[in-house]
Amino acid sequence: AAVENSSDVIIFVSQAYKESANCQAEARYANKLCKQKKLKLHFVMVDQNYLEPEGWLGLMLGDALWVQCWSPNQVNDAAQQLSKVVNKAIPGAPKPGQPAPSVAHSTPAASAPTFSQA
């Protein structure tokens with residue numbers, strides 16, 4: 001139900017994400033809804049050594065624009081880039097600089113980036 005109720009879906013691209021059957025099923029479903037113009041897909045590359053996925057994920061990513069976020073110093077820039085495109089789709093969304101709404105996501109534990117800010 002989470003995908004159906006979303007205006008945007010953010011896919012955090014990694015080898016582990018591609019290899020996860022659950023992530024594949026959810027991404028394919030989101031892609032189907034995107035093709036029906038029911039939501040928008042956004043891609044965040046979280047592994048600088050995995051920038052050209054193959055197979056189902058490579059086909060889905062195609063020539064889409066993506067956000068770079070594989071190191072801690074890229075987190076703020078990535079969040080700002082995503083905020084600009086996602087907030088366009090949300091009526092009454094906070095303006096840049098205002099607190100962002102909470103985001104629910106699923107990602108395999110092995111691919112979830114872990115960043116800490118000093």
Legend entry - side-chain hydrogen bond (donor to acceptor under 3.5 Å, both in side chains) contacts in which one or both residues fall within residues 49-67, not counting sequence neighbours: none
Closest heavy-atom contact between [X] and [Y]?
{"X": "Val85", "Y": "Asp8", "answer": "O-OD2, 4.2 Å"}
{"X": "Tyr17", "Y": "Leu57", "answer": "CD2-CD2, 4.2 Å"}
{"X": "Leu65", "Y": "Phe43", "answer": "O-CD1, 4.3 Å"}

Inset, instruction - Identify, with sequence neighbours excluded, every residue that meets side chain to side chain donor-acceptor pair (under 3.5 Å) alongside Gln68. - result: none
Legend entry - Asn22: partners by side-chain contact (heavy atoms from CB on, under 4.5 Å), with sequence neighbours left out: Ser20
Legend entry - Residues forming a side-chain contact (heavy atoms from CB on, under 4.5 Å) with Glu19, sequence neighbours excluded: Gln15
Nearest-0.5 Å distance, [atom1] of residue [X] to [atom2] of residue [Y]:
{"X": "Gln48", "Y": "Ser71", "atom1": "CD", "atom2": "OG", "value": "7.5 Å"}
{"X": "Met45", "Y": "Ile11", "atom1": "CE", "atom2": "CD1", "value": "11.0 Å"}
{"X": "Ile10", "Y": "Leu41", "atom1": "CD1", "atom2": "CG", "value": "10.5 Å"}

Contacts under 3.5 angstrom, residues 29-39 side chains, donor-acceptor by atom type, not counting sequence neighbours:
| unit_1 | atom_1 | unit_2 | atom_2 | d |
| --- | --- | --- | --- | --- |
| Tyr29 | OH | Glu4 | OE2 | 2.9 |
| Gln36 | OE1 | Lys38 | NZ | 3.3 |

Legend entry - Test side-chain contact (heavy atoms from CB on, under 4.5 Å) applied to His42 and Leu82, step by step: CA-CA 8 Å; His42 309 281; Leu82 289 169; 4.1 Å; yes
Inset, instruction - Begin with the C-alpha distance, continue with both residues' side-chain angles, and end with the deciding distance and a verdict on side-chain contact (heavy atoms from CB on, under 4.5 Å) for Gln81 and Val44. - result: CA-CA 10 Å; Gln81 289 178 47; Val44 177; over 6 Å; no
Legend entry - Side-chain heavy atoms of Phe12 within contact of Val46, under 4.5 Å: yes
Legend entry - Close side-chain approach of Glu26 and Val3, heavy atoms under 4.5 Å: yes
